[in-house]
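In what follows, a structure is listed as structure tokens, so that the remarks can point back to it.
Just so it is clear: chains get the letters A, B, ... in the order the sequence lines come, proteins before strands, and each one is counted from 1. As a basis for the values below, the full set of heavy atoms in this structure was taken, side chains included, without hydrogen atoms, waters or symmetry mates.
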Amino acid sequence: MLKKTITLLSFLLLAMTFSLGQISPASALEAGDIVIQVKPADQEVDLAPGQVVKSKITIQNIGRLPFTFTVSTRPYQVLNENYDPDFSTENSYTNLHNWISFPESTFHLEPGAEQDVPFVITVPDDVPGGGQYAAIIAETRDSMSEDAGVRIISQLASLIYAHVSGEEHIGGVLMGHSLPSFLLGSPFTATATVKNDGNVDFRVTHTLNIRDFFTNREVLTETSVDENGKYLAHTNPIVLPETQRSNAITWDGAPQLGVFKVTQTISFLDQTYTYDQVVIFCPIWLAGAVAFFIFLIILWVILRLRSRKRRRPQVF
Amino acid sequence: MERTVRKLLALTGIFIGAAVALTPLTTYADSYGDFIKDKTSANGSSTVYVNVDTVLSLDAANGGDTIEAFPDMVRTGQFNVQVRSAMPYTISLSADQTELADEDDTFFIPARSEITAGKVGWGIRKADQTEGYTAVQTTPQVFFDSTVSDNGTNTDVADESTWHAFEIGVAINSKIPQGTYTTDVTVTAAVKE
């Protein structure tokens with residue numbers, strides 16, 4: 001009897017061990033299981049025709065389960081003024097992805113481990129100078145949950161901004177800007193749109209300086225940061241060749257009521273534009289109340305004039 | 001009449017005065033400390049330099065559950081994606097096969113932007129989309145942009161890293177045979193310089 005029980009228990013234990021071993025990590029994935037990280041998320045590389053340049057990205061496993069990942073290259077461009085990324089369109093600025101090769105393209109990473117992924121950029125001899133843009137894609141399919149209707153493939157894009165020496169054309173135009181003057185409760189947002197006419201990218205510095213109209217006290221400056229060290233009134237976006245980019249700075253936490261002097265500065269290449277504006281913040285209900293108050297004053301004056309006229313003695 | 005207007009005038013004046021007095025007249029944004037970028041230090045003191053690289057991470061394994069579909073009904077589900085980045089970022093979605101296919105690849109539920117009861121289709125709702133869905137395409141489309149969309153935490157901090165829930169809408173009719181319909185969706189995260 002005892003022997004039978006031990007045999008049965010051993011069999012059950014063996015069966016359990018076997019079945020646990022057969023559970024695929026992808027069969028019941030939870031948040032934090034497969035987390036892939038790349039560094040750097042973007043990098044700038046200087047190139048010359050005929051040059052061979054070596055660089056690398058690093059992939060880290062910061063999740064709970066191991067995963068296998070592959071690397072590949074894609075062209076990198078943008079779709080619109082908002083700079084939605086485009087990893088499909090090829091043009092004269094996206095040849096870079098054809099110049100990149102990987103000695104090895106498939107890797108396995110245990111939790112907490114990291115893997116350097118070296119790559120080689122072989123620049124052809126006859127390429128013109130200017131900007132070249134590509135993305136290195138790190139992909140893992142181990143994030144595909146078998147029991148999900150939509151299985152997710154995880155991809156991270158590490159962007160490469162390359163500058164090939166040679167004939168560079170540098171030029172940009174400020175296409176437009178906006179600075180509101182009267183706000184009825186809507187958020188305060190200043191925008192700037194800059195077009196790159198050249199063949200190499202440049203950065204735009206867009207800042208706001210906000211002072212109290214009555215006390216001249218600085219409320220927000222280009223060096224103001226939040227508790228995470230993020231600039232509140234300073235942006236520095238990149239503008240790719242032959243594209244137009246709009247950039248917005250929103251004053252988070254702006255007061256509901258007040259009068260402020262705002263200075264917007266937009267600078268790129270050797271151009272600087274400065275705009276000053278007095279901005280009035282007034283909630284819509286208060287604006288309504290003031291309008292009603294003015295209407296009452298007018299009505300009261302009319303009524304008063306009429307009653308005076310009525311009281312005046314008639315002379316025949 | 002004149003007396004009534006005078007009373008109303010006084011009341012409105014008091015209301016406006018009280019409202020102005022009670023509404024915060026200034027912001028407290030200036031209480032944020034200025035970011036000191038000057039790295040120079042006095043003689044004899046040591047300076048600590050910490051190099052922080054641009055890092056981007058993606059957790060998209062929380063793929064959600066199977067959606068139970070019924071004829072002439074729009075059924076919804078969701079999958080969750082977390083991106084962590086100190087920089088603004090985008091989340092793009094694409095699929096090599098945009099239709100949901102059964103196990104034998106015989107019957108399909110096509111990707112559509114208009115998901116209505118009785119019309120066979122499926123779609124995913126973008127972060128700032130309030131109505132309808134977006135059909136997933138073979139090329140990546142931006143479904144979340146931290147510079148324009150609310151990050152879901154109601155903090156108005158556009159690039160704060162957080163979980164993003166993408167709603168899936170599915171509609172079938174009675175002609176769709178029983179089975180499990182799936183597809184592989186590629187989630188691509190990228191920083192926005």
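Side-chain rings of A:W285 and A:F292 stay apart, their centers remaining 6.0 Å or farther from each other. The aromatic ring centres of A:F268 and A:F202 sit less than 6.0 Å apart.
For the pair B:K126 and B:F143, the cation-pi criterion (under 6.0 Å, within 45° of the ring axis) is fulfilled.
The contact between A:S154 and chain B is made by backbone and side chain atoms together, counting heavy-atom distances below 4.5 Å. Neither the backbone nor the side chain of A:F281 comes within contact range of chain B; no heavy atoms are under 4.5 Å apart. Residue contact with chain A, scored on non-hydrogen atoms closer than 4.5 Å, involves the side chain of B:V142 exclusively. For B:T188, the parts sitting under 4.5 Å from any heavy atom of chain A are the backbone and the side chain alike. With a threshold of 4.5 angstrom between heavy atoms, A:V78 does not approach chain B through any atom at all. Only the side chain of A:L159 comes within contact range of chain B, with at least one heavy atom under 4.5 Å from a heavy atom of that chain. Both the backbone and the side chain of A:I297 come within contact range of chain B, judged by heavy atoms closer than 4.5 Å. A:N82 touches chain B through backbone and side chain together, each having a heavy atom under 4.5 Å away. For B:F15, the part lying under 4.5 angstrom from a heavy atom of chain A is the side chain only. Contacts between A:F293 and chain B at a heavy-atom distance below 4.5 Å involve backbone atoms as well as side-chain atoms. Using a 4.5 Å cut-off between heavy atoms, B:T180 does not touch chain A at all.
Salt bridge absent: B:R125 and B:E131 never bring a charged side-chain N and a carboxylate O closer than 4.0 Å. Under 4.0 Å is where a charged nitrogen must lie from a carboxylate oxygen, and between A:R211 and A:E218 at least one such pair does.
For A:S307 (side chain) and A:R304 (main-chain N/O), a donor-acceptor pair under 3.5 Å exists by modelled atom type. Panel note: side chain A:S224, backbone A:T221; a donor-acceptor pair is recorded below 3.5 Å.
Put simply, of A:E139, A:R245, A:Q43, the one with the most heavy-atom pairs under 4.5 Å next to chain B is A:R245. Residue with the most contacts toward chain B among A:F295, A:Y83, A:Y76: A:Y83 (heavy-atom pairs, distance under 4.5 Å). No other option in B:V187, B:T186, B:L58 has as many heavy-atom pairs under 4.5 Å with chain A as B:L58. Of the residues considered (A:A41, A:C282, A:P187, A:A248), A:A41 shows the highest number of contacts with chain B, using heavy-atom pairs under 4.5 Å.
Closest approach of A:V239 to A:V194, counting heavy atoms only: CG1-O, 4.0 Å.
Between atom OG1 of residue A:T58 and atom CG of residue A:D116 there is a gap of 4.0 Å, rounded to the nearest 0.5 Å.
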